[in-house]
Undergrad: 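Quick one: this structure, given as structure tokens, is what I'll be asking you about.
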Amino acid sequence: MVVRRILCVAEKNSISKAVAGHLGGQYQTGNIRGTQYVKNYSFDYTFNNSWGPSSVVFTAVSGHIMQQEFPSRFKNWNNTDPWDLFEAPIEKSIDEKNQPIANNIKQHAQRCSILYIWTDCDREGENIGAEIRQIALSANPRIEIKRAHFSNIERTHIIQAANNPLLLDDNQVNAIESRMELDLRTGAAFTRVLTLSLQDMIKAVDPELGIISYGSCQFPTLGFVVNQYLRVKNFVPEPFWSIKITHKKEDEKNKKPDQRPITVNFNWVRGHLFDRMAVVLLFERCLNAKFAKVIKMERKPTSKWRPLPLTTVELQKNGSRFLQMNSSRVMAVAEGLYQKGWISYPRTETDQFDREINCQALCQKQTQSREWGPHAQGLVNGNFRQPRRGTHNDKAHPPIHPVNYVEKSTLSHEEQKVYEFVVRRFLACCSDDAKGEKTTVAIDYGAEIFNATGLIVLHRNYLEVYPYEKWEDSQQLPEYQVGETFIPTEAKMTEGKTSPPHYITEPELITLMDKNGIGTDATMAEHISKIKERNYVESRPATAAGRLAAASDEGDTAPATRGRGGARGRGRGGRGGATASARGATRGVEEFVPTTLGIALIEGYENLNFSTSLSKPFLRKEMELQMKAICDGQRTRNDVVQENIERYRAVYMRTKDQMSVLKAAVNKYIVEPERSNGS
DNA sequence: GCAAGGTC
């Protein structure tokens, strides 16, 4: 019998190894001369389709294999006009360091009749698949090309995928091609023209500075930092006024001999107003009314929702908040934990677990821990809840979760922190929401409405294992009857002023990048590092205000309990939401201040007064939409590339024309430094 | 000496 030979290629070694394990059970491992990260796994497998019994070699690449570059005649910065880079040819070739991997594919392709592509099922994976296809076809033009569709590496899912080969989606391949081409052309053209035009001015004061780069991700990232800097700098405090009511009342329900009356604080539903006379008039109406009347007394169950399954963006934000590590560091540590097999793949946008993933079994593995084992045991013994499902699914990777238990003492200090966070987050996802009872009393006092709220936490549930979030009892309210009237113990008009905004913190910057589609889960941290490296921004420990804001996050609380404490979303300067203890847990948060150069670049481009601003995130957002259109077959790669090149050419011409404006901006900040940090 | 995206 002729046995079919099939060459399978994954995007990374961890996938080929895991899939080989599921399909082959027993497999032979072969080394590849010249690379240490990729292996060949050989085994026999009977496909449950027309392929039948087959001899399989399962290998991998390490991400992209090819690189694109301009031909050498365009490589000299001094005798190439950057303008020419908008239409210079681009050569795609096998990256020198990937040559052994490419040769390995060629060698096996010659002996196989089918190339089965197992790259990640996202757009970038589709493109990497096309690179693999090209290399295999160069060695064996008759090889048949198939593509596996899988979104996790659970056994049943993988076997299902293996038996149902599909085709590469060339629309996705082309969408990525257009992004690559535009990023290279615009990045190179603008980096060269900016560097060549401005470096003399800047080197005069900063001889260290090498290049002034432009990139479709790094520039908008810088834009966010500068934007917030300008808000801080231009801030003018504004006074506001409010009304506070207190009432001392015996708690009829829990009357004990030594019981002292409870002081209830009522907050004005209007929060505060910026018009003093208006508040004076309203306050006088309150005083004239003399009596306050209870219009609502409500006790109802409330809950604080357990967190969603962990994505990369969330891991990075929480790393800043709770683990005293910046996003680059967190990712490096998570990568190590993944390599060692303790946690799942750390680059994912997915916040929902597929049904195939047995979360309960994963909880079981954590029962050995002295610290969180008892909680995990409780889950196994009946408290387990299937995790909530978020709205994101990259269809390539599951949420980040622990895959095996490891004794903390065998890990480095930083690894311990990240591993513990991943585990606790996962166990929290599999626990029940925290449950409590919320009391709200509303009064009408001179036609103004005031509220008092109280919270009793009844069941901490997920909070038991997730100390990163706090939810604590607040003031206990005495019993009121609707219709009851009383004379407030104290009514006063208060005065305050808006406080200045803080510089942007790392979690806030990541949130903005995420919302605007700047970078991917794998690259956001790199873009932040890049603008530091380019000397566009500096980082420093955040001030108390920044840490406070960094600790607060919308979306983690059930609607019924939103605005507890009443501070959230009130004044223009107020950014409430974090508890005192959350504040203490965020010492490691970094904030970013643009350098004079960073401000000059952004301000210079703003002053070009041009509709297509390089410093704003819209261009990147639009490119994202255009890539989707290519994926949906509504636009072609060529069409999108041409349209964008025209736009960038217009910006480029404007840049050259108005170089004096850019130079003036640089001059203003650099030659006559005028730094006012507002702190 | 340029970008952003994979990956170790």
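Worth saying up front: this structure is predicted, and the values here are computed from it rather than measured. We name chains A, B, ... by the order of the sequence lines, and we start the count at 1 in each one.
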Undergrad: Under the salt bridge (Lys or Arg N to Asp or Glu O under 4.0 Å) rule, collect the residues that match up with Glu96(A), sequence neighbours excluded.
TA: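 Here no residue qualifies.
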
Undergrad: Taking any heavy-atom pair under 4.0 Å as a contact, classify Thr191(A): base, sugar-phosphate, or nothing.
TA: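 Result for Thr191(A) = sugar-phosphate.
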
Undergrad: Would you indicate what Gln36(A) reaches in the nucleic acid, counting non-hydrogen atoms under 4.0 angstrom: base, sugar-phosphate, or nothing?
TA: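 If one applies the 4.0 Å heavy-atom cut-off, Gln36(A) turns out to touch nothing in the nucleic acid.
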
Undergrad: At a heavy-atom distance below 4.0 Å, which nucleotide of DNA chain B is the first touched by chain A, and which is the last?
TA: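 Endpoints of the contacted stretch of DNA chain B: dG1(B) to dC8(B).
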
Undergrad: Please list, chain by chain and in numerical order, all residues satisfying ring-ring contact (aromatic ring centres under 6.0 Å, His included) with Phe190(A), sequence neighbours excluded.
TA: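 Scan of Phe190(A) (ring-ring contact (aromatic ring centres under 6.0 Å, His included), adjacent residues dropped) gives Tyr214(A), Tyr652(A).
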
Undergrad: For DNA chain B, whose closest nucleotide is more 5', that of Ser14(A) or that of Gln68(A)?
TA: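 Nearer the 5' end of the strand: Gln68(A).
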
Undergrad: With sequence neighbours left out, which residue pairs that include part of residues 619-642 of chain A fulfil the ring pair (Phe, Tyr, Trp, His ring centres under 6.0 Å) condition?
TA: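 Listed by first then second residue: nothing to list.
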
Undergrad: Below 30° counts as parallel, above 60° as perpendicular, anything between as tilted: where do the rings of Phe70(A) and Phe74(A) land?
TA: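 Judged by the thresholds at 30° and 60°, the geometry between Phe70(A) and Phe74(A) is tilted.
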
Undergrad: Could you check whether Glu349(A) and Thr312(A), counting side-chain N and O atoms only, form a donor-acceptor pair closer than 3.5 Å?
TA: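 Short answer, no.
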
Undergrad: Are Phe43(A) and Tyr27(A) close enough that their ring centres sit under 6.0 Å apart?
TA: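 Distance test on ring centres: not under 6.0 Å, no.
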
Undergrad: Classify the nucleic acid contact of Gly519(A) as base, sugar-phosphate or nothing, counting any heavy atom under 4.0 Å across all strands shown.
TA: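 Sugar-phosphate: the residue Gly519(A), judged by heavy atoms under 4.0 Å, touches backbone atoms but no base.
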
Undergrad: Hey, does Asn127(A) reach any base, or is it just sugar-phosphate, or nothing, if we go heavy atoms under 4.0 Å?
TA: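 Nothing: the residue Asn127(A), judged by heavy atoms under 4.0 Å, touches no strand.
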
Undergrad: Just to be sure I understand the rule, does Phe219(A) reach a base, reach only the sugar-phosphate, or reach nothing, if contact means heavy atoms closer than 4.0 Å?
TA: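 Nothing, no nucleic acid heavy atom in range.
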
Undergrad: Please compare Asn98(A) and Asn78(A) by the position of their nearest nucleotide in DNA chain B and report the one closer to 5'.
TA: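 Comparing both residues, the 5'-ward one is Asn78(A).
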
Undergrad: Any base atoms under 4.0 Å from Thr520(A), or only sugar-phosphate, or nothing? Heavy atoms, all strands.
TA: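 Result for Thr520(A) = sugar-phosphate.
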
Undergrad: Regarding Tyr214(A), tell me which of base, sugar-phosphate or nothing describes its non-hydrogen contacts under 4.0 Å with the strands shown.
TA: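 Result for Tyr214(A) = sugar-phosphate.
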
Undergrad: Taking atom types as modelled, is there a side-chain donor on Gln352(A) or His392(A) under 3.5 Å from an acceptor on the other?
TA: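 No, His392(A) and Gln352(A) have no side-chain donor paired with an acceptor closer than 3.5 Å.
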
Undergrad: Could you identify which residues of residues 341-354 of chain A place a heavy atom less than 4.0 Å from some atom of DNA chain B, listed by residue number, or say none?
TA: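 Here the set is Tyr345(A), Arg347(A).
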
Undergrad: Please determine if Glu356(A) and Arg155(A) form a salt bridge, counting it only when a charged side-chain N lies under 4.0 Å from a carboxylate O.
TA: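 So Glu356(A) does not pair with Arg155(A) through a salt bridge.
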
Undergrad: Taking any heavy-atom pair under 4.0 Å as a contact, classify Arg123(A): base, sugar-phosphate, or nothing.
TA: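 No contact at all - Arg123(A) keeps every heavy atom at 4.0 Å or more from the nucleic acid.
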
Undergrad: Would you confirm whether the ring centroid of Phe219(A) sits within less than 6.0 angstrom of the ring centroid of Phe224(A)?
TA: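 They do not qualify: ring centres at least 6.0 Å apart.
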
Undergrad: Does a side chain donor of either Thr350(A) or Asp394(A) reach within less than 3.5 Å of an acceptor in the other side chain?
TA: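 Side-chain D/A pair, Thr350(A) to Asp394(A): present.
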
Undergrad: Do the side-chain N and O atoms of Glu526(A) and Ser328(A) include a donor-acceptor pair separated by under 3.5 angstrom?
TA: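 Short answer, no.
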
Undergrad: Which residues in residues 179-187 of chain A have a heavy atom closer than 4.0 Å to any atom of DNA chain B?
TA: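 Those residues are Arg179(A), Met180(A), Asp183(A), Leu184(A), Gly187(A).
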
